[in-house]
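Here the structure is a predicted model, which means the values were calculated and not measured. Side chains included, hydrogens not; waters and symmetry mates left out as well; all remaining heavy atoms used.
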Amino acid sequence: KTAMDSTKCERLGTQVLQNEFQRIESIRNLNELVQVIGVHHRYGVNSLMDMYVYNDLKNSEKISLYLSQGGLGLPNRDYYFNNDEQSTSIRKAYPLHISKMLELAGEAKSNADLYADRILALETVLAHKSKKLEDLRDPHANYNVYTKTKLLGLNKVFNWDIWRKELHLEIDTIIVGQPEFFQELDNFMHKLSIKQKNIEKPEQEKPQQEKPQQEGQTQNPSHGQTAQ
């Protein structure tokens, strides 16, 4: 009912989000960053990575928690590297869109433009180690069972214990789609300066031609796997 009250929503604007903005602004170190990411996942906001609950792909009688590569605002990683006309045009327009959204959220124009460039740089880092669409179609390669202990061994910088605590997770097993993406998170977070909000850009990949999606293929809820 509240969401349907467009007049009230327009009047409140971003006022109802101020506590969440403050939570983000208050981050002082990497552990607090992980904590906020956990809070976001609890709210259903997939910050930095995708988290979702879905039927276990190898046990139809079970529901499992999945972690998958994510954190991208564009449809998939190829949009960040392909040099075809459409991809290039979208990539140029994307930071303008981000900047406009930040302005609507209350940021000054100068700050919004700066943050938009940093957000694009951050997403490019994540895209750099994200699998391509064709590689996401392999159900076996993208199904990796991780116990709590094994997950802790996947990363040294990203503290999974803090993340689990924010989500109140009691399950022992999580399906990790792309372990190499999560390993790259450590390299990313190691370079991250919380104080200066600095993001280092990765080395650019060689231009690639985007492959068109075949007719009849649809994206299923398991984030990246394509069903015929």
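Side-chain atoms of E10 and S6 include no donor-acceptor pair closer than 3.5 Å. A side-chain N or O of S68 and one of Q178 form a donor-acceptor pair less than 3.5 Å apart. Using modelled atom types, one finds a donor on one side chain and an acceptor on the other under 3.5 Å when comparing E123 with Y80. In summary, the side chains of T147 and D172 do not present any donor paired with an acceptor at a separation below 3.5 Å, with no hydrogens or angles considered. At a cut-off of 3.5 Å, with distance as the only test, a side-chain donor of N83 or R91 sits close to an acceptor on the other residue.
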* Show your reasoning for whether side chain to side chain donor-acceptor pair (under 3.5 Å) applies to S26 and Q22. => CA-CA 6 Å; S26 298; Q22 185 56 45; 3.0 Å; yes
* Apply the test side-chain contact (heavy atoms from CB on, under 4.5 Å) to residues Y79 and L72: give CA-CA distance (whole Å), side-chain angles for both, the deciding distance (0.1 Å), then the verdict. => CA-CA 10 Å; Y79 280 79; L72 307 183; over 6 Å; no
* To do: Step by step, work out the side-chain contact (heavy atoms from CB on, under 4.5 Å) result for Q69 and D50.
  => CA-CA 6 Å; Q69 64 186 42; D50 286 0; over 6 Å; no
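Between Y94 and H97, the ring-plane angle classifies as parallel under the 30° and 60° cut-offs.
A distance of 11.5 Å separates CG in L102 from NZ in K100, rounded to the nearest 0.5 Å. The OG atom of S64 lies 10.0 Å from the CD1 atom of I174; values are rounded to the nearest 0.5 Å. One distance of note links CG of L126 with CG of L122; it measures 5.0 Å at 0.5 Å rounding. Atom CZ in F158 sits 14.0 Å away from atom CD in Q183 (nearest 0.5 Å). A distance of 13.5 Å separates CD1 of I98 from CZ of R118, quoted to the nearest 0.5 Å. Note that NE2 of H40 is 11.0 Å distant from CD of Q35, once rounded to the nearest 0.5 Å.
Chaining together hydrophobic side chains whose heavy atoms lie under 4.5 Å apart places V45 alongside V39, Y43.
In terms of modelled atom types and a separation under 3.5 Å, the side chain of N142 and the main chain of D138 share a donor-acceptor contact. Between the N55 side chain and the I63 main chain, no donor and acceptor come within less than 3.5 Å of each other. The backbone N or O of N159 sits nowhere less than 3.5 Å from a side-chain atom of N31 that would complete a donor-acceptor pair.
Grouping the Ile, Leu, Val, Met, Phe, Trp and Tyr side chains by contacts below 4.5 angstrom, directly or via other members, places I24 with I119. Under the 4.5 Å side-chain heavy-atom criterion for ILVMFWY residues, a single connected hydrophobic cluster contains both V176 and I171.
Residues passing the side-chain hydrogen bond (donor to acceptor under 3.5 Å, both in side chains) test with Y146: none are found, sequence neighbours excluded. Looking at residues two or more places apart in sequence or on another chain, you find no side chain to side chain contact (heavy atoms under 4.5 Å, CB included) involving N19.
In this structure the side chain of L67 never reaches within 4.5 angstrom of the side chain of Y52, judged on heavy atoms.
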